[in-house]
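All remarks here apply to the structure that follows.
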Amino acid sequence: MSSLYIVLSPAYLQTLSPSLQTLIQLFVNRLDSVESVLPYEYDVFDFCKDDNERRPSENLGQVLFGERIETSPYKENNDIKWASRWDYILVSMPHTNIQWFSIMNSLVIVLFLSGMVAMIMLRTLHKDIARYNQVDQEDAQEESGWKQVHGDVFRPPRKGMLLSVFLGQGTQIFIMTFITLFLACLGFLSPANRGALMTCSVVLWVLLGTPAGYVSSRLYKTFGGEKWKTNVLLTALLCPGIVFADFFLMNLILWVEGSSAAIPFGTLVAILALWFGISVPLTFVGAYFGFKKPAIEQPVRTNQIPRQIPEQSFFTKPVPGIVMGGILPFGCIFIQLFFILNSIWSHQMYYMFGFLFLVFIILLITCSEATILLCYFHLCAEDYHWWWRSFLTSGFTAVYLFVYAVHYFFSKLQIVGAASTILYFGYTSIMVLIFFLFTGTIGFFACFWFVNKIYSVVKVD
């Protein structure tokens, strides 16, 4: 067995000054005594013991000048790049197969929805448009379906102010998420630096106030709204204010508990400065250009008197359609969501940004197609209240996310204490709100494009 020792080569000693060599020689002479033999041996632990090694303990003074230097068992591999040095560990992770299963599961859902939407667009809609555009007006008057609500389909929704504010914030979150994940895929955000992702997201959110103000004001003007000052203030302050209030409350609990995870007061002031100093002015700039633009022109005119909506079946009523609309998008992300929650609450490293970006794209497609599908069914049932429904249909995915987070809390975590429980659900509420705005915005703009497209190709007297 060998003692723990330090090797200092003679060649290195020759490079030192004479005075420093003298000091080292005095130190070595002291170590050369009997008392200097180190009693600590590196193989006292079972996992370090080498049964074949039977060497006497060595004196530190004897090896200091390199009297016994052995070749290292580790060899340098110059074929491996520095950026890929941990790939052999990542490849051996068991999560990779699960990720591919998740991707395949999501792709099956996307193919199913794409087939349904393609069938509607290419067959059903094509036949509907050909029939509605026929010359025989007597037959056209007997028709029922989505053409019959052409005079009401673009009637401004109730609470148009709130809807436009949500859509402006959702656009800001969508662009922020896309750029952040894209940079992470390219390797600009290291998984080892857990704060890099959040820092990038916050900076991008602050700089993307202009798209939020533009989208919110343009849609609010399309809805016929005139309170543009209220619209701009709500766009700049409502959703960010809710998130900041929740975050401040959670941080207050951490301060009271004396946790090292609490954010310093100066950092909170800096976040407020970024919000009011950069984000809010940029939102006003975007709103200015949005209100300067003309309202979005609709393909058909809106009637003065609203059309009466016929009695709806159970599946075409608002609540069942909204509840069903969030199931398929959530089915695409729930496996990825498990790993994200593990990285947040179980202190595991999250490094699969490529998979996450792919799931992000699949989520966009799934939300769009599911919302378009349900919107078409409701229009065929002559229910023209699609504005809020398109937003809530895909936005309901966030409710399933919250339910899954509750299940994860009780089944995977061992959190005790009221403070820790409040922290978990407080931060989860922030994530759910952001996800609600994000998915709802995707569904709304997909439906907005779809409705404009189908009503622009029919002949209306």
Side-chain angles (χ1 to χ4, degrees), residues 102-125 128 145-146 149 153 157 163 166-167 170-171 173-174 177-178 181 312-337 356-404 431-455:
S102 169
I103 297 298
M104 295 305 297
N105 169 66
S106 303
L107 287 176
V108 168
I109 294 175
V110 168
L111 290 175
F112 168 74
L113 284 175
S114 300
M116 294 286 289
V117 172
M119 184 179 67
I120 288 175
M121 297 290 287
L122 298 177
R123 297 185 59 186
T124 311
L125 270 177
D128 288 347
W146 55 268
V149 296
V153 70
L163 180 59
F166 282 170
L167 292 170
T171 304
I173 292 170
F174 166 73
T177 307
F178 179 82
L181 291 180
Q312 300 292 308
S313 65
F314 175 77
F315 291 104
T316 56
K317 289 182 179 179
V319 175
I322 290 172
V323 171
M324 288 187 298
I327 294 176
L328 290 177
F330 179 76
C332 295
I333 65 165
F334 78 98
I335 295 179
Q336 199 69 231
L337 183 61
L356 187 60
F357 187 74
L358 187 57
V359 169
F360 171 80
I361 300 299
I362 292 174
L363 178 65
L364 293 181
I365 300 172
T366 310
C367 284
S368 303
E369 292 180 344
T371 312
I372 288 174
L373 205 60
L374 291 170
C375 179
Y376 174 76
F377 292 150
H378 289 118
L379 290 177
C380 287
E382 299 183 21
D383 185 355
Y384 51 83
H385 295 308
W386 65 273
W387 299 97
W388 272 106
R389 184 179 292 164
S390 62
F391 184 85
L392 296 175
T393 297
S394 55
F396 203 81
T397 311
V399 177
Y400 291 108
L401 186 149
F402 181 76
V403 172
Y404 184 83
M431 185 166 61
V432 168
L433 175 61
I434 292 174
F435 195 73
F436 169 72
L437 296 173
F438 167 68
T439 52
T441 302
I442 295 169
F444 176 87
F445 282 112
C447 267
F448 188 75
W449 171 83
F450 173 75
V451 173
N452 273 275
K453 199 71 175 175
I454 63 174
Y455 282 98

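Residue numbers start at 1 and run along the sequence shown.
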Inset, instruction - Take F396 and Y400 through the ring-ring contact (aromatic ring centres under 6.0 Å, His included) test and state the conclusion after the steps. - result: CA-CA 7 Å; F396 203 81; Y400 291 108; 5.4 Å; yes
Legend entry - Full working for side-chain contact (heavy atoms from CB on, under 4.5 Å) between V451 and V153: CA-CA 8 Å; V451 173; V153 70; 3.8 Å; yes
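Residues L379 and I454 are in side-chain contact: their nearest non-hydrogen atoms beyond the backbone lie under 4.5 Å apart. At least one side-chain heavy atom of S368 sits under 4.5 Å from a side-chain heavy atom of I442. With contacts defined as side-chain heavy-atom distances shorter than 4.5 Å, the pair C375/R389 does not qualify. Side-chain contact between T441 and F174: absent, with no pair of heavy atoms (C-beta onward) separated by less than 4.5 Å. Residues V149 and Y455 have side chains in contact (heavy-atom distance under 4.5 Å, counting atoms from C-beta outward). For the pair F435 and V399, the minimum side-chain heavy-atom distance is 4.5 Å or more.
Between C332 and I362, the shortest heavy-atom contact is SG-CG2, 4.0 Å. Here the closest heavy-atom approach between residue A370 and residue G325 is recorded as CB-O, 4.2 Å. The shortest non-hydrogen separation linking L364 to F438 is CD2-CZ, 4.0 Å. When every heavy atom of P157 is checked against every heavy atom of L163, the shortest pair comes out as CG-CD2, 4.0 Å.
Atom OG1 of T397 is separated from atom CZ of F330 by 9.0 Å, given to the nearest 0.5 angstrom. Atoms OG1 and CD1, from T366 and I361 in turn, are 11.0 Å apart once rounded to the nearest 0.5 Å. Once rounded to the nearest 0.5 Å, the distance linking OG1 of T371 with CD1 of I322 reads 10.5 Å. A distance of 4.5 Å separates CD1 in I173 from CG in L437, rounded to the nearest 0.5 Å. Once rounded to the nearest 0.5 Å, the distance linking CD1 of I365 with CZ of F360 reads 11.0 Å. Between the CG atom in L356 and the CG atom in L181 there is a gap of 5.0 Å [rounded to 0.5 Å].
Classified by interplanar angle (parallel below 30°, tilted 30° to 60°, perpendicular above 60°), the ring pair F450/Y376 is perpendicular. In this pair, F178 and F357 present their aromatic rings tilted. The plane angle is within the 30 to 60° band.
Formation of a donor-acceptor pair under 3.5 Å by the Q312 side chain with backbone atoms of K317 is not found in this model.
When each of F436, F444, F448 is paired with F391, the ring-ring contact (aromatic ring centres under 6.0 Å, His included) condition holds for F436 and for no other.
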